[in-house]
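Computation of the quantities below employed the complete heavy-atom set of this structure, encompassing side-chain atoms and omitting hydrogens, waters and symmetry-equivalent molecules. Since the model is a prediction, treat every value here as computed from it, not as a measurement.
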Amino acid sequence: MDRKKTEIRKIKNGYIELCRFLFCVMIVIHHNARDFETGTILPSGFVAVEFFFFISGAMAMKHVMGEKEEIPQKMRYAVDYTLKKMKRIFPYAACGTVIAYIWRIISVKNFSADMVHELAVLPFELLFLPMGGVVSARLDRYMNAPLWYVSAMMITLPLIVYLSLRAEDAFRHYIVWFVPVLIHGWMILHMGGSWGWGETTPVGYSALLVAFSNLTLGCGIYLAAKRLGEKKFGTAVKILLTLLEVAGIVLCFLFAASDPEAYTFETVVGFLALSLVITLSGVSYTGRVHGRVLEWLGKISLPIYCVHWWTGQMVQVYLYQFSYPVRILCILAGSAFLSLLMMAVFWFIGTIRKKKIRQ
């Protein structure tokens, strides 16, 4: 009986994995669906990044709360936890970035001294350091620009985990609830919106503020979900919560298809946070959604994110003669194909390594 319960716990929430995939597709379309004739599809698709920040923060909080032993070296623990997450991302990000640079070198007909400056950015991209301020945060500086998200998370997540351990009382009762509001408010007042990632602020690029704010709020989402999960609800309330939960995701897609406005964005983010509280609490009916297909969709989202930027550029360059919707489908199909190929290669390498260790 205990073994069955353990197996059930290991099953991933299919609804969350589906959301991972859908928001990943939103980012792909947001970055690549630009056309002079038909306009821009999902101009506010950057809202998808909030979802991934929230999930990462919630999982970090879950991990910290699961630790039953005293942690003496709290900062080292926080850094080690973050590096473990980066280790899982690195193979896909590195592979995608290196291929992008190779394509860039091959595609350039007249190699000049200016290319040296472009290639010099490669080490910073591979080490997830674009948000460190050493290199300009302009999109055209990077061959894999969307990895700013990973860079910002790598810099801010250790501090957040450390605070959750070092100042547990203040973190859980004040920081997770008020600091995100203060940061978002400051960005709105000084920059007109809180979704920018490349603006310069007194503490570095605004991406660091976005990351710290939303990862911290993600921790609060998990704490709220844990509280909500302790309550018992009837069928009618569960149906209402499920509808509210799904509505939060639908609202994000509606917002993604609109032009961004500061307070509208904050409202949508608030509903997204509420939706994830319900999801992670397990009190709604989406918690019953499972399936290997959904798990695979969630799993493939990471490599797709790591290769979609330059895959889109290649499609736009070499398949420009095709219609607008066809090019988008080619970008999605090409990103998925490359992702499956990378997953197969890394799985094969991992299998060989395990066999050598056993021998």
Side-chain angles (χ1 to χ4, degrees), residues 12-33 42 45-46 48-56 59 82-104 122-131 139 142-154 157 211 291-316 318-319 327-354:
K12 292 185 177 181
N13 186 316
Y15 176 74
I16 293 179
E17 299 306 304
L18 176 62
C19 286
R20 285 183 196 272
F21 179 75
L22 292 176
F23 278 110
C24 181
V25 171
M26 181 192 291
I27 290 175
V28 174
I29 296 175
H30 170 65
H31 284 158
N32 295 286
L42 303 185
F46 51 78
V49 179
E50 316 302 312
F51 170 84
F52 292 108
F53 274 132
F54 287 163
I55 289 294
S56 296
M59 293 303 102
T82 303
L83 291 179
K84 285 180 181 178
K85 290 184 72 69
M86 296 300 109
K87 185 179 178 181
R88 185 173 68 88
I89 299 171
F90 180 77
Y92 300 110
C95 186
T97 301
V98 169
I99 293 174
Y101 272 86
I102 292 173
W103 170 68
R104 173 61 177 159
L122 176 59
F124 297 97
E125 289 204 68
L126 290 177
L127 295 174
F128 300 137
L129 292 175
M131 290 298 103
L139 281 177
Y142 304 112
M143 289 302 296
N144 215 347
L147 291 184
W148 75 264
Y149 156 76
V150 181
S151 177
M153 183 169 67
M154 186 183 74
L157 187 57
R292 288 188 176 274
V293 174
L294 297 176
E295 289 184 23
W296 264 98
L297 288 176
K299 191 174 182 180
I300 200 175
S301 299
L302 172 59
I304 286 178
Y305 183 84
C306 292
V307 303
H308 80 274
W309 180 259
W310 56 267
T311 302
Q313 292 179 335
M314 291 175 68
V315 169
Q316 301 288 13
Y318 296 114
L319 301 178
R327 292 202 303 271
I328 299 303
L329 291 175
C330 288
I331 293 169
L332 289 169
S335 299
F337 173 76
L338 290 170
S339 298
L340 290 171
L341 186 61
M342 285 193 298
M343 290 170 67
V345 170
F346 294 141
W347 174 83
F348 181 72
I349 294 173
T351 303
I352 294 176
R353 187 178 297 173
K354 287 179 181 178

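Looking at every heavy atom in both residues, V307 comes nearest to S339 through CG2-OG, 4.0 Å. Considering all non-hydrogen atoms of both residues, M153 and A211 come closest at N-CB, 4.4 Å. Of all the heavy atoms in F124 and P130, the pair that sits closest is O-CD, 3.5 Å. In terms of heavy-atom proximity, I27 sits nearest to G45 at CG1-O, 4.4 Å. Nearest heavy-atom pair, V315 versus C330, reported as atom, atom and distance to 0.1 Å: CG1-CB, 4.1 Å. Heavy-atom minimum distance, M26 versus A48: SD-CB, 3.7 Å.
Between W103 atom CH2 and M143 atom CE the span is 5.5 Å, to the nearest 0.5 Å. Between the OH atom in Y142 and the CG atom in L122 there is a gap of 12.5 Å [rounded to 0.5 Å]. The line from CD1 of I304 to CG of L340 is 7.5 Å long, rounded to the nearest 0.5 Å. Atom CD1 of I99 and atom CH2 of W310 lie 4.5 Å apart (nearest 0.5 Å). Atom SG of C306 and atom CE of M342 lie 6.5 Å apart (nearest 0.5 Å). One finds the CD1 atom of I29 at 9.5 Å from the CD1 atom of I331 (value rounded to the nearest 0.5 Å).
Relative orientation of the H31 and H308 rings is parallel, given thresholds of 30° and 60° on the angle between their planes. Ring pair F46/H30 is perpendicular by interplanar angle, where above 60° counts as perpendicular and below 30° as parallel.
Residue pairs meeting the side chain to side chain donor-acceptor pair (under 3.5 Å) criterion with at least one partner in residues 15-26, sequence neighbours excluded, are E17-R20. Applying the side chain to side chain donor-acceptor pair (under 3.5 Å) definition to pairs two or more places apart or across chains, those involving residues 90-100 are T97-N144.
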Pair T82, K85 - check side-chain contact (heavy atoms from CB on, under 4.5 Å), show working. CA-CA 5 Å; T82 303; K85 290 184 72 69; 5.6 Å; no
Apply side-chain contact (heavy atoms from CB on, under 4.5 Å) to the pair W309 and Q313, showing each step before the final yes or no. CA-CA 7 Å; W309 180 259; Q313 292 179 335; 3.4 Å; yes
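The neighbour count for K299 NZ, taken as heavy atoms of other residues, nucleotides or ligands under 6.0 Å away, does not exceed 12. Atom CZ of F337 has 12 or fewer neighbouring heavy atoms from other residues, nucleotides or ligands inside a 6.0 Å radius.
Every residue two or more places apart in sequence or in another chain that forms a side-chain hydrogen bond (donor to acceptor under 3.5 Å, both in side chains) with R104 is listed here: E118.
Here the side chain of S151 pairs a donor or acceptor atom with the backbone of M131 at under 3.5 angstrom. No side-chain donor-acceptor contact under 3.5 Å links E125 to the backbone of L147.
You'll find the ring centres of Y149 and F53 inside the 6.0 Å limit.
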